[in-house]
There are 2 protein chains.
Amino acid sequence: MALEHAILVSLLEKPGSGYELARRFERSIGYFWTATHQQIYRVLKRMVGDGWIDVREVPQQGRPDKKEYSVAGPGREALARWLREPVEPEGLRHDLAVKIRGAAFGDPAELVDEVERHRRVHAERLTHYLAGERRDFTGPEAPPALDAGQELQHAVLRGGIAYERMTLAWLDDFLATLRRIGSGRR
Amino acid sequence: MALEHAILVSLLEKPGSGYELARRFERSIGYFWTATHQQIYRVLKRMVGDGWIDVREVPQQGRPDKKEYSVAGPGREALARWLREPVEPEGLRHDLAVKIRGAAFGDPAELVDEVERHRRVHAERLTHYLAGERRDFTGPEAPPALDAGQELQHAVLRGGIAYERMTLAWLDDFLATLRRIGSGRR
DNA sequence: CCTAGCATGTAAGCTGTTACATGATTTG
DNA sequence: CAAATCATGTAACAGCTTACATGCTAGG
C-alpha cells in the first residue's frame, strides 16, 4: 500500500541501502510506519524492476559491500501521484482496548501489570521523541532556521509526541478504572 | 492475531451471528479493532472447529435463518490465557504522516484539502463517540449504576474520545504548518 | 572467543482486502 | 420497481510476520 511511498520519501530525504532503510524504519519515519528488513528488500527489488529507484554498488572497507538506492524520475512521479490521491483516515488498532473489555470476564486486577508495562514503554517513547525534538529542532544544537522539509518533519514529530502524551493519560485512566472496580467478577 | 479474542469478547458480551458480529465491528468494539464479514466468517469456522465456540441454528420469520454463536468452555479458557499473555504496545500507522514528510518534495499546498478532509472525518467520529457516551454512560437515559463491564467499556470509549481530540489538534497543527511554509519547493 | 553490528536474502504461513456470488424481505 | 438490509459464504491476491540462512568485521 504505502510502504513503497514511505521508502520513496526516506530515499529522497537521503539515499541508502536496504539495511539503512530498515534502521530508519526503527526510528524516524518508523514512528508512523513500521517495516522489517524482509519486507523492505522485497519491495526494493520490485521498485528497481519498476524503474522507481536506481541501485549503485558501493564497495566498503571493513564492512560488506552495500547497494545504495536512490529515487529515479518515475519514482518521483509515483510519489507525486500518491500525494494527490486521497488516503483513508485510519483508526486505532489496540489489543489493549480489547483486553480491557475482556477483563470484565476474567480478573481485572490481573491486567494492572500489563497496563503498567505499556505505560513504561510509552513513557520511554515520549522521552525518546522529546530528546529527538531537542536535538533536531528546538535545542541549542539544532539549525537556527529550518527549511520546509525540516518544518514538516517537526510537525510530524509533534504528532508523535501528542500521541504518546495522550496514550499515557489514557493508560492512567485505565489503571484508575481497574483499581476502582477492584477484582470483582461479574 | 487478536481477531479471535476480539470475537470472544464480543460474543461474551452478547451471543450473535456472523452478520451481527460484522455490524459490531463497524462500531463499539470496531473502534479499536476492525474486521470485515469475510474475515469473521473464516475465523468463526475455525473457532467452531477448535471448540472455542458453539453454533445454534436459529430459524427466523421474514428473515433468513441465522447461526447464533456463543462462547464455549475452551474459548473462555483461551481468552483467559490471552489476557495473561503480554501483547506488544502498538505504535501509530499513519499514511498521512508519510504524506506530510513527502510534501517537502512536492507542493505542500496540495495537501491542504486532504488534511482538511481527514479533519472532517475525525470531527465526525468524535461527535459520534460523544453521542454514544451520553447514550450509554453519562446521559439521562444511561443506567444509574454501572457494573464492572460497563465501567471498562466506558474507559475504552474515553480512550477513543481522547484519541480523536488529539488527532484533531494534530491536524490543525499540520494545517498551520503547511500554510506557514506556503507553496515553497525545496 | 563471543557478541554485536553490518549486509543481504529465501520460504512458509498467516492475515487482510477485493471481488464475486446468492437469495429473501422490507422500505420508499 | 428499485434500493437497502439481512444473511452466508468462496476465491484470488496482496501484504505482513516468523523462521531460516549466510558471512564478514570490530570491540570487549
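What's counted below: heavy atoms across the whole structure, side chains too, no hydrogens, waters or symmetry copies. Source: prediction; values computed, not measured. Letters A, B, ... are given to chains in the order of the sequence lines, protein chains preceding strands, and every chain is numbered from 1.
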Exercise. When you check the side-chain N and O atoms of B:S17 and B:R23, is any donor under 3.5 Å from an acceptor?
Worked result: no
Just how far, in rounded Å, is [atom2] of [N] from [atom1] of [X]?
X	N	atom1	atom2	result
B:I40	C:dT15	CD1	P	14 Å
A:L3	D:dG15	CG	P	9 Å
A:E4	D:dC16	CD	C1'	13 Å
A:Q60	C:dC6	CD	C1'	8 Å
B:F25	C:dT17	CZ	C1'	16 Å
B:K67	D:dC6	NZ	C1'	15 Å
A:D65	C:dG5	CG	P	21 Å
B:H5	C:dC14	NE2	P	15 Å

Under 4.0 Å between a Lys/Arg side-chain N and an Asp/Glu carboxylate O for [X] and [Y]?
X	Y	result
B:E90	A:R93	no
B:K99	B:E114	yes
B:E20	B:K66	yes

For this session: Residues of residues 44-54 of chain A with any non-hydrogen atom less than 4.0 angstrom from an atom of DNA chain C: list those, numerically ordered, please.
Result: A:K45
Exercise. Under the 3.5 angstrom rule, does the side chain of B:H128 hit a backbone N or O of B:A123 as a donor-acceptor pair?
Worked result: no
Problem set entry | Residue list, salt bridge (Lys or Arg N to Asp or Glu O under 4.0 Å) with B:R46, at least two apart or on another chain |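 B:R46 satisfies salt bridge (Lys or Arg N to Asp or Glu O under 4.0 Å) with B:E4 once adjacent residues are dropped.
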Exercise. Looking at residues at least two apart in the chain, or sitting in another chain, which of them share a salt bridge (Lys or Arg N to Asp or Glu O under 4.0 Å) with B:K67?
Worked result: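 Checked B:K67 against salt bridge (Lys or Arg N to Asp or Glu O under 4.0 Å); zero matches.
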Ignoring backbone atoms, test whether [X] places a side-chain nitrogen or oxygen under 4.0 Å from the OP1 or OP2 oxygen of [N].
X	N	result
A:Y41	C:dT8	yes
A:R23	C:dA7	no
A:Y19	C:dC6	yes

Exercise. With B:R158, which residues qualify under side chain to side chain contact (heavy atoms under 4.5 Å, CB included), at least two apart?
Worked result: A:D173, A:T177, B:E133, B:H154, B:A155
For this session: Only counting residues at least two apart or in another chain, list the ones meeting side chain to side chain contact (heavy atoms under 4.5 Å, CB included) with B:V112.
Result: B:E116, B:L175, B:L178, B:R179
Exercise. What one-letter contact string describes nucleotides 17-28 of chain D from 5' to 3', where B marks a base within less than 4.0 Å of any protein heavy atom, S marks contact via sugar-phosphate atoms alone, and - marks no contact?
Worked result: BBB---B-SS--
